[in-house]
Amino acid sequence: MNEPRWSLPPGWAWAKTSDIAQIVGGGTPPSRDENNFAESGIPWITPADLTGYESAYISRGRRDLSYRGYQNCGARLIPKGSVLFSSRAPIGYCVIAENELCTNQGFKSLVLRGEMLPEFVRYYLLSAKDYAQSLASGTTFLELSGSRVASMQIPIAPMAEQRRIVDRLDGLTCPLLPCHS
């Protein structure tokens, strides 16, 4: 692993995101075929759905995929509590899946494993937008690859400390923004 981003308190450690989560990409079926989309189908999120979006949680985007559309693309269902992180156009939008859903290729989602609060991971990723952008590449627009997301450093705090931090940040931001669904 690279040099730690900063010193951590005792009991904390740096890890790669791949140590705490499975990194899952998304996909988009051919948009010229309207049968790939449904009025009420499989919830599907794109970065455009997060433009101006202020909640910490999301359940669906502007369009759903039909079963056919889901089968015709690389989208994968990810479970409730996964952290969706936009990896291009733009890098750095971040929300938590309120239910099972899928995304387009503009996301690298973190399906957490072990002792990690999705809210803690979200707050960290929101604060690490510049760090994430520094790892991106591309000529037309910057994109963060799955391997780069997997190698990103993330601080691991004891569970009680994660909860305390989330509660404190929620207390500071929730009077201003809708934090909970």
Side-chain angles (χ1 to χ4, degrees), residues 1 5 8 12-28 42-61 74-136 142-170 172-174 177-181:
M1 184 176 337
R5 295 196 61 214
L8 294 174
W12 290 48
W14 285 105
K16 295 184 295 186
T17 56
S18 62
D19 294 334
I20 61 135
Q22 176 187 6
I23 311 304
V24 177
T28 301
I42 299 167
W44 183 63
I45 312 296
T46 72
D49 293 321
L50 300 185
T51 300
Y53 193 82
E54 296 179 339
S55 179
Y57 301 88
I58 195 162
S59 61
R60 61 186 348 103
R76 293 179 44 202
L77 285 172
I78 56 175
K80 174 182 179 176
S82 297
V83 180
L84 286 59
F85 186 67
S86 67
S87 56
R88 67 181 197 181
I91 293 171
Y93 286 161
C94 194
V95 292
I96 300 167
E98 192 168 36
N99 45 265
E100 186 177 62
L101 52 75
C102 59
T103 70
N104 78 352
Q105 63 276 14
F107 287 94
K108 300 297 182 274
S109 299
L110 283 67
V111 179
L112 301 175
R113 51 183 176 247
E115 296 278 316
M116 292 299 296
L117 289 176
E119 297 82 2
F120 178 82
V121 173
R122 177 180 174 269
Y123 277 127
Y124 171 73
L125 290 174
L126 287 171
S127 74
K129 181 178 176 180
D130 289 341
Y131 167 54
Q133 287 178 332
S134 76
L135 300 174
L142 291 179
E143 181 168 7
L144 196 55
S145 69
S147 63
R148 291 283 174 98
V149 172
S151 70
M152 284 178 63
Q153 294 184 58
I154 186 165
I156 308 301
M159 185 56 77
E161 190 72 2
Q162 288 181 48
R163 174 56 50 208
R164 188 188 70 73
I165 290 167
V166 167
D167 289 347
R168 178 71 174 133
L169 291 173
D170 280 353
L172 294 170
T173 59
C174 287
L177 299 172
C179 290
H180 303 287
S181 54

What's the verdict on side chain to side chain contact (heavy atoms under 4.5 Å, CB included) for Trp14 and Ile156, showing C-alpha distance, side-chain angles and the deciding distance? CA-CA 6 Å; Trp14 285 105; Ile156 308 301; over 6 Å; no
Could you tell me which non-hydrogen atom of [X] sits nearest to which non-hydrogen atom of [Y], and how far apart they are?
X      : Y      : result
Ala21  : Leu110 : CB-CB, 3.7 Å
Leu144 : Phe85  : CD2-CE2, 3.8 Å
Tyr131 : Ser151 : OH-O, 4.3 Å
Gly25  : Lys108 : CA-CD, 4.5 Å
Asn99  : Ser59  : OD1-CB, 2.8 Å
Pro47  : Tyr93  : O-CE1, 3.4 Å

Would you say the side-chain atoms of [X] pair up with the backbone N or O of [Y], donor to acceptor, closer than 3.5 Å?
X      : Y      : result
Gln162 : Ala157 : yes
Ser55  : Tyr57  : yes
Thr17  : Val149 : yes

Residue Glu100 excluded, over 12 heavy atoms near CD under 6.0 Å: yes
Could you tell me whether Arg168 atom CZ has more than 12 heavy atoms of other residues or ligands within 6.0 Å of it? no
Please check if any side-chain donor atom of Tyr123 sits under 3.5 Å from a side-chain acceptor atom of Asp170, or the reverse. yes
Side chains of Glu143 and Ser87, donor plus acceptor under 3.5 Å: no
Would Ile20 and Met116 count as a side chain to side chain contact (heavy atoms under 4.5 Å, CB included) if you check the C-alpha gap in whole Å, the side-chain angles of each, and the deciding distance to 0.1 Å? CA-CA 7 Å; Ile20 61 135; Met116 292 299 296; 4.1 Å; yes
Tell me, do [X] and [Y] make a side-chain contact under 4.5 Å, heavy atoms counted?
X      : Y     : answer
Val121 : Ile96 : no
Cys94  : Val83 : yes
Leu84  : Ile78 : yes
Glu161 : Trp12 : yes

Tested for side-chain contact (heavy atoms from CB on, under 4.5 Å) against Trp44, the lone hit among Thr28, Leu101, Asp49 is Thr28
When rounded to the nearest 0.5 angstrom, what is the spacing between [atom1] in [X] and [atom2] in [Y]?
X      : Y      : atom1 : atom2 : answer
Ile165 : Leu117 : CD1   : CG    : 10.0 Å
Cys102 : Leu77  : SG    : CG    : 5.5 Å
Thr103 : Gln105 : OG1   : CD    : 8.5 Å
Leu112 : Ser82  : CG    : OG    : 6.5 Å
Arg76  : Gln22  : CZ    : CD    : 5.0 Å
Ile91  : Leu142 : CD1   : CG    : 5.0 Å

Apply side chain to side chain contact (heavy atoms under 4.5 Å, CB included) to Val95 and Tyr53, showing your working. CA-CA 9 Å; Val95 292; Tyr53 193 82; 4.0 Å; yes
Looking at Glu119 and Arg122, is there a salt bridge between them, counting it only when a charged N and a carboxylate O are closer than 4.0 Å? no
For Gln153 and Lys16, run side chain to side chain contact (heavy atoms under 4.5 Å, CB included): C-alpha distance rounded to whole Å, both residues' side-chain angles, the deciding distance at 0.1 Å, then the answer. CA-CA 5 Å; Gln153 294 184 58; Lys16 295 184 295 186; 5.7 Å; no
